[in-house]
Amino acid sequence: MIHVFLLFSLCFSDYGFIQGVTSLGINYGQVGDNLPPPDKVLDLLTALKLTKARIYDTNPQVLTTFANSNIELIVTVENQMLPVIMDPQQALQWVSTHIKPYFPATKITGIAVGNEIFTDDDTSLLGYLVPAIVSIHGALVQLGLDKYIQVSTPNSLAVLEVSYPPSAGSFKGEVSGVMSQFLQFLSSTGSPFWINAYPYFAYKDSPNKISLDYALFNKNPGMVDPYTKLHYDNMLYAQVDAVVYAMSRLGYGGIEVRVSETGWPSKGDSNEVGATVQNAAVYNRNLLRRQMSNEGTPLRPNMRLEVYLFALFNEDMKPGPTSERNYGLFQPDGTMAYNVGLSALATSSSTSSASISLTSSATKASKVEYQSLVYCMFLYLLTFQVFMRRQH
């Protein structure tokens with residue numbers, strides 16, 4: 001059996017469960033006092049065969065550590081910096097300091113200018129958003145980096161006035177003016193619209209009206225949009241398409257939508273319905289399987305949906321309800337918060353390295369997958385044996 005495993009590993013070691021899924025990334029938050037150092041995080045991401053990550057700042061330690069790695073990185077201009085970088089000279093200074101020294105050794109592919117500005121409690125920030133985005137992009141152009149780095153801003157789903165059914169999607173009236181300017185920028189630069197979409201919130205707020213299976217990507221009857229007749233079997237895809245329709249209403253129907261954040265908390269307060277380990281594992285496991293297929297949404301079935309999971313770690317210093325500190329796939333010590341299909345096999349060595357492989361939980365489905373794997377190995381070995389005989 002060991003020989004079979006070694007042969008299989010040699011033949012397929014470059015084709016890990018996640019490797020090659022270019023539409024999957026993860027959010028690497030750092031709001032904790034017990035998180036591993038960036039080099040250990042890089043080891044973990046590499047072992048998981050993830051090639052895309054997003055951070056919420058431009059931490060020089062992270063940018064330096066991730067140099068010459070296979071990780072594509074989205075970095076962030078913090079919200080409070082928007083009034084400063086709307087000045088083109090300040091934007092140029094920011095890019096020259098925070099981006100240029102690290103690129104291209106560090107594969108910075110995106111700059112998020114702020115986070116959820118359209119729905120931020122500080123409404124004054126909204127007026128700074130588009131000028132700041134334009135200035136950052138202008139600085140990239142000046143430094144010859146605009147061909148490699150996209151500029152956008154992640155948006156909360158709360159930016160929509162209507163999200164159901166998807167074809168009725170529309171933005172809130174009070175942001176439509178700035179939104180049109182923002183969409184014009186995205187259209188002219190070919191940049192994506194980033195959305196932070198959480199079916200968990202919708203379920204938590206209306207557990208008696210929304211099917212848990214629909215929110216979790218489980219098998220369910222789904223819903224049919226009464227106007228387009230498109231069938232939706234999960235809420236995330238419906239939320240994304242609602243954004244597409246909302247953009248179309250403002251005259252921008254060709255912009256790509258990417259999910260900059262989505263996830264499910266494994267723990268919550270008593271009033272946070274659905275925040276359980278079981279639901280978190282199911283949501284992320286099902287989402288991973290969808291991403292393996294490089295699926296598109298019902299409205300754009302041939303355009304793979306890029307998704308960034310939230311988050312890599314539980315972060316103990318995040319404010320707010322208990323759920324905010326429990327979105328991580330992993331605990332800060334590197335152990336799994338729950339089995340989402342990622343199984344860590346730690347090897348004791350001087351470097352304390354960890355080999356990560358994807359497995360599934362002990363369910364009927366996982367047994368079928370295991371049997372299929374064994375069957376495939378058997379067929380491969382049988383073919384290999386026949387081939388070798390023919391050589392003689």
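The figures that follow rest on heavy atoms only: side chains count, while hydrogens, waters and symmetry mates do not. As the structure is a computational prediction, the values presented were derived from the model and not from experiment.
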Taking 4.0 angstrom as the limit, do [X] and [Y] come out as a salt bridge?
X    : Y    : value
R290 : D233 : yes
E72  : K52  : yes
R300 : E256 : no
R325 : E315 : no
K172 : E161 : no

Does any donor atom in the side chain of [X] or [Y] lie under 3.5 Å from an acceptor atom in the other side chain?
X    : Y    : result
N196 : S156 : no
T58  : Y102 : no
N279 : Y200 : no
E116 : N155 : no

Salt bridge (charged side-chain N to carboxylate O under 4.0 Å, His left out) evaluation trace for R54 with E261: CA-CA 9 Å; R54 174 185 169 213; E261 288 182 19; 3.2 Å; yes
Whether [X] and [Y] hold their rings parallel, tilted or perpendicular, with breakpoints at 30° and 60°:
X    : Y    : answer
Y237 : F217 : perpendicular
F182 : F118 : tilted
W264 : Y203 : tilted
Y198 : F310 : perpendicular

Which heavy-atom pair separates [X] from [Y] by the least distance, and what is that distance?
X    : Y    : value
G222 : N220 : N-OD1, 2.7 Å
L236 : P199 : N-CG, 3.9 Å
V113 : L129 : O-CD1, 3.7 Å
I149 : I108 : CG1-O, 3.2 Å
G328 : N314 : N-OD1, 2.7 Å

Within the structure provided, determine whether [X] and [Y] are in side-chain contact (heavy-atom separation under 4.5 Å).
X    : Y    : answer
V134 : F185 : yes
F66  : V62  : yes
L309 : L24  : yes
S23  : E295 : no
T76  : D57  : no
L216 : N234 : no
D213 : P221 : no
N27  : L312 : no

T65/Q61 under side-chain hydrogen bond (donor to acceptor under 3.5 Å, both in side chains): CA gap, chis, key distance, verdict: CA-CA 6 Å; T65 301; Q61 191 180 0; 5.4 Å; no
S248 side, atom OG; I255 side, atom CD1 - distance, nearest 0.5 Å: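 Nearest 0.5 Å value for the OG-CD1 distance: 9.0 Å.
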Neighbour count >12 (heavy atoms, 6.0 Å) for atom NZ, K100: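 Incorrect, the count does not exceed 12.
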